[in-house]
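Structure first, commentary second.
Starting from 1, each residue takes its place in the sequence as its number.
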Amino acid sequence: MTNTTAVPVHGYSDLNRLMSLMTGDEKHGPAATSTLDALWVLYDRVLRVSPGTVDAPDRDRFLLSKGHGPMAYYAVLAARGFFGEELLPGFGSYDSPLGHHPDRLLVPGAEIGSGSLGHGLPLAVGSVLGLRAQGLTEPRVWVLTGDAELDEGSNHEAIAYAGPAGLEQLHTLVIDNASATHARPGGIAARFEAAGWSVRVVDGRDHEALYGAFTAPHPGRPHAVIARVTPKR
């Protein structure tokens with residue numbers, strides 16, 4: 001599926017309406033709303049990607065590892081013009097491109113198929129290495145994970161590798177909505193810091209704090225932003 005027509009772009013105030021168009025089972029509403037503000041700030045003010053540059057080699061890449069409850073992701077993509085909002089009411093239906101987990105072959109702007117937890121951060125590491133191999137040092141790679149997703153061991157292998165490797169193009173956004181089963185000694189930030197990452201911890205609903213954390217300089221190191229959020233029910 002490709003985006004071939006101009007689509008109106010909506011603002012932050014439209015996101016709740018856009019999300020309300022998606023109904024049915026398997027919505028994972030709290031998981032979705034936890035990510036809404038951080039996703040909006042990324043797509044509105046940080047990511048260098050647009051509907052017209054989804055295939056450009058020098059675009060920024062955003063990987064939604066937290067693929068459960070992608071309603072907020074779909075709402076933000078629709079608001080930014082990657083596809084029309086008329087697709088949203090079909091969310092999760094048999095013939096809709098907007099599945100309960102995003103499919104990169106069906107959703108305009110999606111970089112990976114996700115929903116199987118724990119794969120996004122390793123894929124982001126590989127994406128940075130692939131860009132470096134092509135001599136592309138400007139594109140940034142962002143990956144959004146959840147705090148519970150960090151229970152998956154593959155994430156910790158990626159964290160342990162990326163710091164010493166100095167993967168400056170790599171950025172990880174962790175949505176901390178206190179859903180993790182296994183606590184990490186010292187908290188999430190300490191895990192990244194121990195591996196040599198640059199780390200910021202912010203209120204996941206504060207747009208200016210998020211923007212400041214997203215754009216903080218981190219020369220020679222990957223960057224992690226821990227966004228603490230109380231889910232909206």
Side-chain angles (χ1 to χ4, degrees), residues 1-44 46-47 49-55 59-120 123-124 142-149 173-175 177 179 204-205 207 210 227 229-233:
M1 178 178 181
T2 58
N3 189 32
T4 58
T5 59
V7 181
V9 175
H10 303 287
Y12 176 76
S13 61
D14 295 298
L15 293 181
N16 284 332
R17 179 185 65 82
L18 293 173
M19 287 188 66
S20 73
L21 297 176
M22 291 173 275
T23 59
D25 296 331
E26 301 292 336
K27 292 194 300 182
H28 295 282
T33 56
S34 294
T35 68
L36 187 63
D37 293 275
L39 281 170
W40 175 255
V41 174
L42 274 176
Y43 273 91
D44 187 50
V46 178
L47 292 174
V49 65
S50 69
T53 62
V54 291
D55 295 317
R59 74 189 183 279
D60 285 346
R61 276 77 167 166
F62 173 78
L63 282 57
L64 182 71
S65 188
K66 186 179 169 68
H68 290 301
M71 295 166 58
Y73 183 48
Y74 293 155
V76 169
L77 288 177
R80 300 307 299 167
F82 287 85
F83 55 80
E85 68 173 86
E86 68 274 4
L87 292 181
L88 297 176
F91 165 71
S93 61
Y94 175 76
D95 58 351
S96 173
L98 307 182
H100 293 133
H101 298 150
D103 185 329
R104 71 177 184 86
L105 299 179
L106 298 177
V107 181
E111 295 281 357
I112 61 171
S114 57
S116 298
L117 300 180
H119 298 309
L123 285 170
W142 282 86
V143 56
L144 187 155
T145 73
D147 59 325
E149 192 176 357
L173 166 62
V174 182
I175 301 296
N177 57 16
S179 62
R205 303 286 186 201
H207 289 200
L210 285 165
V229 175
T230 299
K232 296 176 181 179
R233 300 291 174 176

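Shown here is Arg104, whose CZ atom has no more than 12 heavy atoms of other residues, nucleotides or ligands within 6.0 Å.
Here Tyr73 and Phe62 bring their ring centres to under 6.0 angstrom of each other.
Taking CZ of Arg205 as the start and OG of Ser34 as the end, the distance is 6.0 Å to the nearest 0.5 Å. Glu86 CD to Leu21 CG: the interatomic distance, rounded to the nearest 0.5 Å, is 10.5 Å. Summarising the geometry, atom CD belonging to Glu85 is positioned 5.5 Å from atom CG belonging to Leu18; distances are rounded to the nearest 0.5 Å. Annotation: the span from Met71 atom CE to Thr23 atom OG1 amounts to 8.5 Å, rounded to 0.5 Å. Note that CG of Leu87 and CG of Leu77 are 11.0 Å apart. Values are rounded to the nearest 0.5 Å. To the nearest 0.5 angstrom, Leu63 atom CG is 11.5 Å from Thr145 atom OG1.
Of all the heavy atoms in Gly120 and Ile112, the pair that sits closest is CA-CD1, 4.4 Å. Nearest heavy atom pair, residue Asn177 against residue Lys66, reads ND2-NZ, 4.1 Å. In terms of heavy atoms, Ala227 sits closest to Leu173 at CB-CD1, 4.0 Å. Across every non-hydrogen atom of Phe91 and Pro70, the tightest pair is CE1-CG, 4.3 Å. For the residue pair Leu144 and Glu149, the shortest heavy atom distance occurs at O-OE1, 4.5 Å. The minimum heavy-atom distance between Arg80 and Pro51, with the atom names listed, is O-CG, 3.6 Å.
Using a distance-only test at 3.5 Å, with no hydrogens or angles considered, no donor-acceptor pair links the side chain of Ser96 to the main chain of Ser93. Ser114 contributes a side-chain N or O that, together with a main-chain N or O of Leu64, makes up a donor-acceptor pair within less than 3.5 Å.
Aromatic ring pairs are classed by plane angle as parallel below 30°, tilted from 30° to 60° and perpendicular above 60°; the pair Tyr74 and Phe83 is perpendicular. Note: Trp40 and Tyr12 have tilted aromatic rings, judged against thresholds of 30 and 60 degrees for the angle between ring planes.
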Exercise for review: Go through the steps to decide whether Leu36 and Met19 satisfy the test side-chain contact (heavy atoms from CB on, under 4.5 Å), and finish with yes or no.
Suggested key: CA-CA 10 Å; Leu36 187 63; Met19 287 188 66; 3.8 Å; yes
